Amino acid sequence: MFETRTVLSRVGLQLAVTLGVLPFLIPIYSMVAKSLEGRGWGNYEAVLAVPGFGRFFLNSAIVAGGSIIIIYLATLAAAFAFSKLRIRRKEVYFWMLMAALTLPEVVLIAPLYSTAVALNLLGTFWAVILPIAALQIPFTVLIARGFIDGIPDTLFEAARLDGAGTWRLFWSVLVPMAKPIAVALVVLVLINAWNSYLLPKVFLINDDMGVVTLLPEFFKRQYNDDIPKVLAAAVVTAIPTIVAYILLQKQFERGMAAGAIK
Amino acid sequence: MKTKKFLAVAGLAAASVLILSGCGNGGAADANVKPATSGEVNWWGWTPDTAVAKRYIAEFNKEYPDITVNYKNFENVDYRNTLVPALESGKGPDVYDLSAAGGVPDTWGPYAIDLEPLAKDTLGDDWKKKFSAGYVDQLTGSDGRIVSLPLGGMSAGFLWYNKNIFDEAGATVPTDYTSWVDACAKITAIGKTCFAMAAGGDDTFPTEMYHSIANSVDPEFFIKASTGKAKWNDPAGIEVLEIIAKMKKDGIIASNVLDGTQYPQANEAFMKGSAAMVQMGFWYTQYAEANSCAASMEAAGVANPTCFVQLPLEFPDVAGKGHGSQYFGEVDYGLAIAEDSKNIAASKTFVSWMTMSEKGQQNVANALDLLPGLQGVKPDWNAISLVDKSVQQPAIETLIADSTATTQTRQWQATEKSLHGIVVAIQRVLDPTLSESIPDIAAKLQDASEASTAGTK
Amino acid sequence: MSNTSIRMRERAAVTGTDREQSRPSRATGPRKRRGASGLLPSGFMWILPALIISVGLIYYSIAYSGFLSFFSWGGGRQHLKPVGLDNYTEIFSDPVFWMAIRNTVIYFVVVFTVQVIGGVLFAAAMHSRVIMANVYKVIIVIPIVVAPATMAPAHIQVWQSDGTLNRILEAIGLGDLAQSWIGQSTTSLLVVILVGCWGSIGFGFILYFGAMTQIDPEMLEAGRIDGAGNFRILFSLVLPNVRSITISLAILNLITALKLFDSVWLITQGGPAHSSEFLGTMIYSETSGASRDLGYASALSIILMLIAVATSIIVQRSSRERAAARPRRGRRAVSEERNV
């Protein structure tokens, strides 16, 4: 994107980027440094020794995976329709969707709880996955719609002239074309689902259904929290998301190089 | 037009869910069932901490091995937001914590069975007198039903000090305003913080300091103002805020006071051993115990901690009227049994053991974080290893005796609005970038407050 | 709409490539679509899953909050006391509410601007030849990967009186500037805003990084031939082409600012003396107190929702009008027609 033909400009860009990320490092450094106070690496050992540690990661993966699948499919379908198909009163539906994004979580808990009880979902992963999906879909649709708007209509028209039905258009034209934004969406949903705290806390009432965000709780007490261990737990929980981001990013870039996008 | 139809459908769905959630008590057990020796009990609370609850449950299981108790701990606010819909749905806990503050017995109480028959059966007709004075009344609903039984109480209105720092600095413990300033001068001279205090944010903790200073100015003012019998901007109220301003000016209150809240900021400074004094209530007694002291020092970031000796200290006579602050205290929380519970029989066994048996209450006393609700239960000093038994045990014994004897309530008779008003007033006084006059600040506090009716009927 | 692609082609045409010739002419683009719209398959079934999940689950909550906002209610089986519009009038006469609105506006403007500029710059840099790009990407993205709630103690560590920032200031000889950043009414909002910027640039980065793949390299090449510099290309060619992302971010930031809660709550709790209060923290402290009024909190939520939806619609409408007005006057009517 930035053109760097001379050695000087390449060094300059590298330097600028390095300076640019420095402010990002300060709180990250504080966090890691603080997580090593007190017992040092013993804090991390304590986190790994929390009973059910592996199970927590599995449960979070279930919640995140379920949310991603539902959100990905619902989002692409809806964004496709909003952008490329005919819907009467399109904007009304669109803004109805957006309004769902605006209520704070604390206000949602009580009504969502009675809904979960009414639908008999309490204590199942659905009780968390569905609200997460409900809260993410409006925004992911907004993003995806914007991106799909940028895909030329002519591509779809050409495919339709070749006799492709809407279903084919979706799978063979839209899904591959929307790959770059899909990666962004998957990462964002993964982060949000992985970091969700209040919903799992309230709805996954069974003991073996704890998720990773509940890990710090083992080091929080009514009065004084063990902050170094809380931060150690936060570092440990963040690692899978960072790794997932790198892997997705790699795969996506490989896809681009192979010419799948352009 | 589709939209309208849709909204109508959504409305209908909403209404039906409301109705559905209203009738969730099918299959619940009878409230009059006799206590049983087997079953399963799900207990929810914001307190105690999970580790402490597990100790309680383990002790309980020594006597009742066939009752399984599952404890689920929530952060305070999560608890408030989760409990009601859970109880409403009929799929909530069997036993739950209930506090005395802010009309909670009327909010959560209606979901609970009346525990009076159980208390009568267990403790006899004069059962109420066997609990600490006031505790049962504070947990009673306005309809007179005993919706929960007290597990324990707490008190405040005093300070804790680090004896090691005082010894090192050659300072004597303060008894009045001037000796407090003197002590601070000596303590800051050796590079320590004199008095750890954090009054930032929205937390109502700083009201304890206001309450203590008010007690030094006029022992009746705080409760009078809380219940609308005096104004927060009466001369006494203005004097309290003036003393706070002076404490900042004279270096008793540090300049970082608004950086954070008492927990974690002030707690951490004291537990690290970098501050000589802190204002905390009775629950802080637990850190006089060697293991919890080490654990909480480590939590404050100290590697390989060596415990210091911490002792309670009467609140100094800051107003110069011959007295500091009397203690103020009340019940901390009680245990309630949900009327929709399917395990009322086992729950009754658990609740009576926890609140009304000598052994259950002994656990509470030994944890040193609550005053046991049942009178006459004292900590078993042989089972407790204090950091320095010779000085700490007598000091704590006096603290317990004085705390039990107190007649002034802590927050039970103050509304949330008044407590928040006090916090904001303190912040206005302490914020160096604001320059309002103290009478103006006090007047705003009066406007923001709301008189309480608790304990006035 | 395909404004972006069309504009992209127009830009390309302006800057002198002949790519345009190989595609249908832009004049026929909109007209053709308009004529064909009758033949387009209906998309209603396709938006149904999203509607069922989001609208189905959340609208009950909206209805419930709307209902509660006309009552005074402590929760549980306490008596629901009808108060009419009292909750609303009380909110509008509460100075704390207006403080929260003021803070929300400032927060939105600053964080959004920083997010767009920072996000675009980093995304462009990562699309360029940079050594160890993956390391930089991870650093930029960590702030949004870690939950704001867990980061709060680290931020406090940075901003407190004896924190990292003041130590850095002292080290570089600016010790006079060291102050109690969190504990002053004049600086607490600044802390919240900077923490907000820190936590949101990565988000802008991820989206812009994805969206920039849609940009035709030939168009950039054409810009270069015309003699445009790196920044000129970035802000006059690239940014307009990722406009849909910018608009989405504006709307999202608006909603985030209105709902803003956890980082504020855990760092300043809206204090001191309400100087960093937001609607989200007001609602939270109203639902969290022992003597809470859920009716009042619901009324606040409904106001929040109305502001969020109204301003989002305005943002989108005005940006669309601007987009339509810029390339060619005649397109405006068409694009509006299409979107009704």
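What you are looking at is a predicted structure, and each value in this text was computed from that prediction instead of being measured. Sequence lines set the chain letters: A, B, ... in the order given, protein chains first and strands last, and positions in each chain run from 1.
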Chemist: Taking atom CZ of A:R168 as the centre, report whether more than 12 heavy atoms of other residues, nucleotides or ligands fall under 6.0 Å from it.
Modeler: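 Counting other residues, nucleotides and ligands, CZ of A:R168 stays at 12 neighbours or fewer.
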Chemist: Side chain, backbone, both or neither: which part of B:Q262 has a heavy atom under 4.5 Å from chain A?
Modeler: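 Contact with chain A is absent: no heavy atom of B:Q262 under 4.5 Å.
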Chemist: Less than 4.5 Å to any heavy atom of chain A: does that hold for the side chain of B:N42, its backbone, both, or neither?
Modeler: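 B:N42 has no heavy atom closer than 4.5 Å to chain A.
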Chemist: State the OG-CG distance between B:S296 and A:D226, to the nearest 0.5 angstrom.
Modeler: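 These two atoms lie 9.5 Å from each other.
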Chemist: Under 6.0 Å from the CH2 atom of A:W126, do we count more than 12 heavy atoms belonging to anything else shown?
Modeler: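 12 or below, so no.
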Chemist: Please flag which part of B:A86 lies under 4.5 Å from any non-hydrogen atom of chain A: side chain, backbone, both or neither.
Modeler: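 For B:A86, heavy atoms of backbone and side chain both lie under 4.5 Å from chain A.
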Chemist: What's the spacing between A:I227 CD1 and B:Y263 OH if we round to 0.5 Å?
Modeler: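 Answer rounded to 0.5 Å: 12.0 Å.
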Chemist: With chain A as the partner, which of B:G301, B:A303, B:P305 has the greatest number of non-hydrogen pairs under 4.5 Å?
Modeler: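 Max contact count across the listed options: B:G301.
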Chemist: Of all heavy-atom pairs between B:A299 and A:P228, which one has the smallest distance, and what is that distance?
Modeler: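 Here B:A299 and A:P228 meet closest at O-CD, 3.1 Å.
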Chemist: Give, as side chain, backbone, both or neither, the part of B:V84 having an atom under 4.5 angstrom from any heavy atom of chain A.
Modeler: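 Contact with chain A: none, neither part.
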Chemist: Can you tell me how far NZ of A:K229 sits from CD of B:E298, rounded to the nearest 0.5 angstrom?
Modeler: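 Between B:E298 CD and A:K229 NZ, I get 5.0 Å after rounding to 0.5 Å.
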Chemist: For each of B:T50, B:T82, B:N304, tally heavy-atom pairs with chain A at distances under 4.5 Å, and name the one with the top tally.
Modeler: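 Top count of heavy-atom pairs under 4.5 Å with chain A: B:T82.
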Chemist: Chain A heavy atoms under 4.5 Å from B:Y284: which part of the residue, side chain, backbone, both or neither?
Modeler: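 Contact with chain A: none, neither part.
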